[in-house]
Number of protein chains: 2
Amino acid sequence: MLKSLQIDSSSYSKLDIAQLKSSCGTCGLRELCLPVGLNEDEVKKLGDIVSQKRKVSRGSYLHYAGAEFQSLFAVRSGFLKTCILEQDGRQQVTGFHMSGELLGLDAISTETYTCDAIALEDSEICEIPFAKLEEISLAIPSLMRHFHKIMSREIVRDYGVMLLLGSMKAEERLASFLLNLSRRFYIRGYSEHNFNLRMTREEIGSYLGLKLETVSRAFSKLQDESIIVVDNKHIEIKDITRLRMKLGKSYDDAFFDM
Amino acid sequence: MLKSLQIDSSSYSKLDIAQLKSSCGTCGLRELCLPVGLNEDEVKKLGDIVSQKRKVSRGSYLHYAGAEFQSLFAVRSGFLKTCILEQDGRQQVTGFHMSGELLGLDAISTETYTCDAIALEDSEICEIPFAKLEEISLAIPSLMRHFHKIMSREIVRDYGVMLLLGSMKAEERLASFLLNLSRRFYIRGYSEHNFNLRMTREEIGSYLGLKLETVSRAFSKLQDESIIVVDNKHIEIKDITRLRMKLGKSYDDAFFDM
DNA sequence: CGAGGCCTTGATGCACCTCAACCGACGTGG
DNA sequence: CCACGTCGGTTGAGGTGCATCAAGGCCTCG
């Protein structure tokens with residue numbers, strides 16, 4: 001039932017939505033999402049507060065920057081980007097988000113979303129009212145602990161991006177990006193060597209602090225070296241070892257510093 | 001009593017340390033640190049778990065990357081940096097931390113510190129055993145909520161750094177950095193126009209994704225424009241408005257894109 | 001079939017890196 | 001005491017990686 005919904009999502013009925021209401025227990029993402037480590041009873045309590053599932057079609061907004069914070073959002077299926085807009089129009093993509101990941105953590109501090117969240121393909125989103133989440137996590141210590149880990153994981157991820165933006169060259173950034181995507185697909189049961197990018201070169205560039213032309217050239221370069229095969233949005237990683245080696249490459253340079 | 005300790009910290013006795021033990025109630029940083037929004041009784045409970053205060057002298061480590069996570073650390077006085085080291089020797093400063101700020105949030109997810117934390121001047125640190133913090137926050141909802149806000153604030157801060165690293169020019173980065181420091185000093189009751197940098201040009205550069213020479217040149221440029229006066233580590237902001245204007249400057253460029 | 005979005009590739013310019021020289025502050029040891 | 005080395009900072013000269021500008025190709029969709 002749920003499975004078919006993910007394939008043909010245009011056939012929603014009221015019944016479907018009611019059935020979806022408390023679905024954490026049956027959700028295939030239990031081991032990735034908030035319910036990690038909870039027992040059946042606790043998962044049920046969590047499922048009860050996940051008030052509804054939202055469908056966000058490609059190109060539309062899950063939430064806007066500046067909007068009042070009410071809920072966290074868990075990606076059930078699909079693919080989203082978050083981005084911040086500077087006053088002068090510059091945009092920076094702060095992350096790409098796939099199933100099992102949580103959005104809105106940035107909004108807790110200011111009670112306002114700091115990012116726009118935009119679907120890059122049709123997505124299904126579980127809405128988690130944050131006040132209720134805090135309330136029940138007082139009664140479910142393992143939920144609270146896991147939530148803290150999720151927030152902390154986001155901080156660690158951000159440090160990784162800072163490292164990338166602060167000290168890597170274009171080719172290294174792209175290699176790091178592809179390896180990250182590859183791993184996340186793999187964890188979700190997809191191929192780590194073959195996948196489709198959901199975002200444009202420009203969005204990749206924004207995330208990596210590069211211009212779209214530079215991203216394109218870096219793709220071409222990796223392809224010339226037979227490390228990957230690029231066919232528009234489709235990526236095939238031919239030699240993941242050499243792709244990984246791209247990261248430690250400036251080891252040689254550092255060597256001379258000693 | 002506490003005040004004198006902060007001035008002459010070499011004269012610790014056992015009694016002093018005992019007195020320090022539960023000091024959140026008397027700490028001048030209550031309005032910045034974890035106790036925000038707690039009543040007297042709750043502050044006392046929090047103070048009870050802050051097992052001890054550590055002194056970290058300039059140049060030494062508060063914690064190492066890779067070490068087992070036990071505690072968060074609150075900066076009571078002093079100044080620290082956190083940095084990650086890549087396998088190839090590249091280092092990236094991920095943050096500078098002053099009084100009232102919390103360190104170690106990154107370690108919650110992996111139960112291992114991901115950064116080195118190094119004192120840039122003699123510092124006093126409150127150690128907060130994290131397991132105990134989670135335990136008592138189950139009983140003090142407002143503490144839990146505030147803790148969530150602190151973690152979220154760190155995520156927002158990281159987004160800001162990502163924006164800076166991903167899309168700003170050298171001069172804009174430095175302006176942003178100085179304005180950020182200025183504001184943090186101001187909040188703590190110090191001058192927003194006159195302050196001493198605790199870090200080297202190289203550390204600033206690492207944080208901002210620039211080389212130290214570039215940082216130095218950017219300082220000189222801002223000085224040439226009479227926006228700041230630089231005397232080694234001392235900074236005087238002469239014209240904070242024009243410093244702020246440095247940030248929105250590429251508005252003009254963006255304008256042509258429309 | 002034409003328009004527009006996305007991508008690729010080439011030519012050129014510039015912001016920042018790299019390398020190098022020099023300065024002042026500081027600490028150490030003869 | 002001064003000679004000396006070290007460390008942090010500044011400044012200049014030259015090189016380069018990426019941005020910018022521009023042209024053209026492919027694909028989709030009306």
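Numbers restart at 1 for each chain; the letters A, B, ... are given by sequence-line order, proteins then strands.
Judged by distance alone with a 3.5 Å cut-off, a donor-acceptor contact links the side chain of B/Arg217 to the base of D/dG12.
A donor-acceptor distance shorter than 3.5 angstrom exists from the side chain of A/Arg54 to the backbone of A/Leu62, with no hydrogens or angles considered. Side chain of A/Asp158 to main chain of B/Asp158: no donor-acceptor pair is present (N/O by atom type, distance under 3.5 Å, no hydrogens or angles). Counting only distance, with no hydrogens or angles, the side chain of A/Asn194 and the backbone of A/Glu236 share no donor-acceptor pair below 3.5 Å. B/Ser167 contributes a side-chain N or O that, together with a main-chain N or O of B/Leu163, makes up a donor-acceptor pair within less than 3.5 Å.
In this structure, A/Gln223 places its CD atom 13 Å from C1' of C/dC7, rounding to the nearest Å.
Contact annotation for A/Gly205: no contact, since no heavy-atom pair falls under 4.0 Å across all strands.
The nearest heavy atom of DNA chain D to A/Arg173 and to A/Glu213 marks one nucleotide each, and the one closer to the 5' end goes with A/Arg173.
Here B/Thr214 reaches the OP1 or OP2 of C/dC17: one of its side-chain N or O atoms lies under 4.0 Å away. A sub-4.0 Å separation between OP1 or OP2 of D/dT20 and a side-chain N or O of A/Lys211 is present.
Looking at the side chain of B/Leu210, the nearest of the listed nucleotides D/dG12, C/dC16, D/dG9 is C/dC16. Side-chain atoms of B/Ser216 lie closest to D/dG9 of the nucleotides D/dG9, C/dT8, D/dC18. Considering only the side chain of B/Lys233, D/dG8 comes nearest among D/dG12, D/dG8, C/dC16. Closest to the side chain of B/Lys169, out of C/dC16, D/dC18, D/dG9, is C/dC16. Taking every side-chain heavy atom of A/Arg201 into account, C/dC7 is the closest of C/dC7, D/dG9, C/dG10.
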